[in-house]
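Structure, as structure tokens:
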Amino acid sequence: MTRPCRHLVVVLGDQLNRDASAFDGFDPTQDRVWMCETTEESTHVWSSQQRIVQFLSAMRHFAAALRAAGLPLDYQHLREGGLGDALVEAIATWRPQRVRLTQPGDWRVLQALRVAVGATPLDVLEDRHFLCSNARFAAHVRGKRSLRMEFFYREMRREHGILMEGRQPCGGDWNFDADNREAFGPNGPGFLPPPSRFEPDGITQEVIELVRTRFTDHPGQAAPFGWPVTREQALAAMQVFIDERLEHFGRWQDAMWTGEPWLYHAHLAAALNLKLLDPREVIAAAESAWREGRVPLASAEGFIRQILGWREYVRGIYWLKMPDYADMNALDAHENLPAWYWTGDTPMQCLADAIGQTLQHGYAHHIQRLMVTGLFALLFGVEPRQVHGWYLSVYVDAVEWVELPNTLGMSQYADGGLLASKPYIASGRYIDRMSDHCRGCRFDPGERTGERACPFTTLYWDFLIRHEVRFASHPRLALQVKNLARLAPTERSAIQARASEVRAGRQG
Ligand code: FAD
Ligand code: SF4
């Protein structure tokens with residue numbers, strides 16, 4: 001029988017950071033690290049093959065680094081079932097005095113582990129990766145009638161002295177979006193700096209084979225795979241972004257172009273969410289690039305706002321509102337997710353492009369997620385839980401604390417406006433303005449009825465009709481709703497008839 005250990009330190013697949021609080025006071029002579037791959041983490045939602053490779057490969061590389069550093073480690077290779085059952089067995093084997101765990105990124109996992117430890121004391125420790133603790137976020141929301149990311153972001157800037165000159169924001173303003181968010185011209189983006197891709201080593205190749213055999217029917221493909229899976233690779237990817245793409249990040253942040261998945265984005269979300277990178281070092285690198293005159297303030301500020309603002313804010317909302325948040329459905333949406341979300345097989349060019357690259361790389365940038373795949377699901381009226389299941393499955397950076405508020409709140413307005421101040425709705429004309437997709441599409445973004453009507457445009461008007469009463473006096477949507485007054489009753493009926501065809505998949 002093995003000698004009982006003092007602490008069993010549980011490290012989850014998105015906690016690959018040696019500085020995490022669960023390692024505080026770790027004593028290799030008395031303590032043991034436990035890591036475990038389970039099928040349930042890849043099947044509770046139908047995880048894409050890229051996402052599974054990302055998590056398992058990064059976990060195995062982290063385990064190798066722990067072993068090399070001499071830490072005693074019990075690493076369970078892919079086993080059937082869930083984390084809870086596996087932990088019950090580990091506790092029976094190691095008989096720890098305490099189980100220690102950094103706060104997980106998923107409410108479901110935390111509950112399962114709490115049950116699994118039984119009578120063994122469990123320490124759930126603050127996740128210091130984030131700049132804003134749950135307690136700090138609770139203090140931010142206390143007494144506020146409405147919450148807005150912008151005010152939270154300003155507090156974070158002041159509190160952490162980021163992009164500040166004394167008490168004032170650098171450049172005299174908190175937000176420079178007026179200088180950002182252009183579309184590419186008719187000739188497209190021109191030369192694009194290549195993204196950082198990393199050749200799979202032996203560990204990753206083994207994982208790719210495992211995923212191909214064990215998760216054959218899962219969406220997308222396991223290879224080619226080029227995401228960072230170690231801290232060294234993540235740091236290298238960050239540096240390349242700062243040196244080659246940050247300069248133009250702000251300007252082209254919202255632009256899209258057919259067949260160009262990477263553009264000027266950072267592609268760092270997975271490395272951040274698996275904790276291979278610390279948000280402070282990413283923010284500091286962007287701020288230094290501006291202070292050294294290498295990038296414009298609008299780009300540095302726009303980028304920092306995503307990490308210091310949105311990323312911290314959605315995490316705060318998640319832990320504040322779970323578990324009820326996941327069941328919210330303010331717009332009473334009950335359609336099923338169209339089956340082609342899992343294949344990209346649709347004549348709608350913008351969706352085919354965004355879903356195609358998603359399945360191939362496990363990646364799409366924010367506007368593709370919000371204003372293409374998310375917008376279509378919102379206008380179509382898909383049940384928010386199904387939309388959430390899709391986003392959690394397909395992206396390499398998908399962890400529930402960040403995915404759920406973005407999907408349910410920002411993209412589907414299912415929380416009734418807690419996260420977003422209005423539903424992000426638009427017709428096909430928005431996509432036409434921000435991309436070249438409509439040029440190659442059989443539909444016309446300017447048409448709302450008839451055979452060539454763009455389904456986004458039809459469903460946009462149908463959304464306004466369906467929710468006319470709810471949003472008639474909404475401060476940010478009333479103007480859009482007012483446009484309904486211009487429609488003759490026959491036009492309204494034609495829109496609704498066409499919307500029914502789109503929902504039945506008969507748009508042509
Ligand atoms: P960039 O555009 O280069 O942005 C830089 C960094 O800022 C990102 O790496 C990310 O860490 C952070 N960031 C940017 N926007 C957000 C945001 N809205 N919320 C939180 N962090 C942000 N992000 C995830 O990390 N995981 C998800 O599962 C996820 N699901 C999403 C689902 C929907 C419906 C929407 C609309 C957005 C989602 N996002 C998610 C936010 C955002 O789209 C991604 O973080 C971003 O596209 C990742 O690509 P990037 O690293 O190139 O980011
Ligand atoms: Fe998408 Fe409509 Fe444009 Fe086609 S016409 S690419 S469906 S927005």
Side-chain angles (χ1 to χ4, degrees), residues 14 51 105 149 195 237-238 241 245-246 249-250 252-254 256 258 261-274 277 279 282-283 286 302-315 317-318 346-354 362-378 384 387-388 390-412 419-420 424 426-447 452-460 502 507:
D14 63 342
R51 180 172 183 262
M149 193 288 290
M238 177 185 85
F241 166 69
R245 299 196 299 281
L246 175 61
F249 171 84
W252 307 121
Q253 201 177 340
D254 287 5
M256 299 176 274
T258 304
W262 310 112
L263 300 172
Y264 290 97
H265 291 268
H267 325 132
L268 293 176
L272 277 162
N273 297 349
L274 270 57
L277 287 178
V282 183
I283 291 169
F303 176 72
I304 288 172
R305 182 165 7 109
Q306 307 311 314
I307 297 181
L308 181 65
W310 280 113
R311 187 168 184 269
E312 298 284 333
Y313 187 72
V314 298
R315 176 173 182 265
I317 295 278
Y318 179 81
T346 165
M348 292 176 269
Q349 287 307 299
C350 52
L351 282 157
D353 191 66
Y363 179 80
H365 72 66
H366 187 66
I367 289 304
Q368 293 176 299
R369 299 186 203 197
L370 185 65
M371 298 307 287
V372 180
T373 45
L375 173 62
F376 192 82
L378 171 65
V387 189
H388 156 51
W390 186 78
Y391 280 98
L392 191 55
S393 298
V394 294
Y395 290 109
V396 289
D397 52 49
V399 185
E400 197 176 85
W401 64 264
V402 54
E403 176 279 326
L404 184 69
N406 268 297
T407 302
L408 221 102
M410 188 185 299
S411 153
Q412 301 300 299
L419 195 86
Y424 284 100
S427 73
R429 284 190 193 279
Y430 171 83
I431 294 171
D432 192 26
R433 197 164 61 246
M434 298 309 296
S435 76
D436 65 335
H437 295 313
C438 304
R439 282 191 211 167
C441 187
R442 78 159 73 141
F443 302 111
D444 179 344
E447 297 290 327
R452 296 201 58 228
C454 162
F456 281 86
T457 304
T458 306
L459 292 175
Y460 165 78
V502 172
Q507 69 268 32

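Order of appearance sets the numbers: ligands from 1, and atoms from 1 within every ligand.
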* Please indicate whether any nitrogen or oxygen in D397 is less than 3.5 Å from any nitrogen or oxygen in ligand 1. => yes

* Can an N or O of V402 be found at a distance shorter than 3.5 Å from an N or O of ligand 1? -> no

* So, is the end of the R369 side chain (NZ or CZ) under 6.0 Å from the ring centre of Y395 and within 45° of the ring's axis? -> yes

* **Heavy atom of P279, distance to ligand 1 below 4.0 Å** => no

* Just let me know how L272 lines up against ligand 1, side chain, backbone, both or neither, with a heavy-atom cut-off below 4.0 Å. => side chain

* Can you check whether F303 reaches V282 side chain to side chain, under 4.5 Å on heavy atoms? -> yes

* Among all protein heavy atoms, pick out the one at the shortest distance from atom 31 (C) of ligand 1; state its residue, atom name and that distance to 0.1 Å. => N406 CB, 3.6 Å

* Asked: Where does N273 meet ligand 1, judged by heavy-atom distances below 4.0 Å: at the side chain, the backbone, both, or neither?
  -> side chain

* Nearest-option assignment for atom 48 (C) of ligand 1, heavy atoms, candidates G105, A364, P405, A269 -> A269

* To do: Run the numbers for me: atoms of ligand 1, each under 4.0 Å from some heavy atom of H365, listed by number.
  => 47 (O)

* Asked: Quick check: does H265 get an N/O under 3.5 Å from an N/O on ligand 1?
  -> yes

* What protein heavy atom sits nearest atom 6 (C) of ligand 1, and how far away is it? -> I307 CG1, 3.7 Å

* The one among E403, H388, R369, M371 that brings a heavy atom closest to atom 40 (C) of ligand 1 -> R369

* **Side-chain heavy atoms of T373 within contact of Y391, under 4.5 Å** => yes

* Closest protein heavy atom to atom 12 (C) of ligand 1, given as residue, atom name and distance to 0.1 Å -> Q306 O, 3.8 Å

* Donor-acceptor pair, E400 side chain versus G105 backbone, under 3.5 Å? -> no

* N/O donor-acceptor pair under 3.5 Å between T457 side chain and P445 backbone -> yes

* Asked: So, do V372 and L351 sit near enough that their side-chain heavy atoms are less than 4.5 Å apart?
  -> yes

* Short check: is a protein heavy atom less than 4.0 Å from atom 28 (O) of ligand 1? -> yes

* N, O or S atoms of the protein lying under 2.8 Å from atom 1 (Fe) of ligand 2 -> C350 SG

* To do: Report yes if the side chains of D254 and Y430 come closer than 4.5 Å at any heavy-atom pair, otherwise no.
  => yes

* Looking at side-chain heavy atoms only, is the closest gap between Y424 and L375 below 4.5 Å? -> no

* May I ask you to list the atoms of ligand 1 that are less than 4.0 angstrom from any heavy atom of M410? => 18 (N)

* Asked: Looking at L370, which atoms of ligand 1 are within less than 4.0 Å of one of its heavy atoms?
  -> 36 (C)

* In ligand 1, which numbered atoms sit nearer than 4.0 Å to a non-hydrogen atom of A266? -> 3 (O), 52 (O)

* **Numbered atoms and elements of ligand 1 in range of R311, under 4.0 angstrom, heavy atoms** => 11 (O), 20 (C), 21 (N)

* Any side-chain heavy atom of M434 within less than 4.5 Å of one from M371? -> no

* Asked: Among the heavy atoms of Y363, does any lie under 4.0 Å from an atom of ligand 1?
  -> yes

* Asked: Among all protein non-hydrogen atoms, which one is nearest to atom 42 (C) of ligand 1, and what is the separation to 0.1 Å?
  -> H366 ND1, 3.4 Å

* **Atoms in ligand 1 with a heavy atom of L268 nearer than 4.0 Å** => 9 (O), 51 (O)

* Asked: Can you list the ligand 1 atoms lying under 4.0 Å from a non-hydrogen atom of S411?
  -> 34 (C)

* Asked: Within the distance-only criterion (no hydrogens, no angle test), does the side chain of N273 pair as donor or acceptor with the backbone N or O of D397 below 3.5 angstrom?
  -> yes

* Can you tell me the protein heavy atom closest to atom 16 (C) of ligand 1 and the distance? -> W310 CB, 4.1 Å

* Structure fact -> Atoms of ligand 1 under 4.0 Å from any heavy atom of F303, numbered from 1 in the order shown, are 5 (C)

* Region of Y391 that comes within reach of ligand 1 [heavy atoms, distance under 4.0 Å] -> side chain

* Just by distance, with hydrogens left out, do T258 and D353 show a side-chain donor and acceptor under 3.5 Å apart? -> no

* Looking at side-chain heavy atoms only, is the closest gap between M410 and M149 below 4.5 Å? -> no

* Please work out which of the three classes, parallel, tilted or perpendicular, describes the rings of W262 and Y363, given edges at 30° and 60°. => parallel

* Take every heavy atom of F249, measure it against each atom of ligand 1, and state whether any distance is under 4.0 Å. => yes

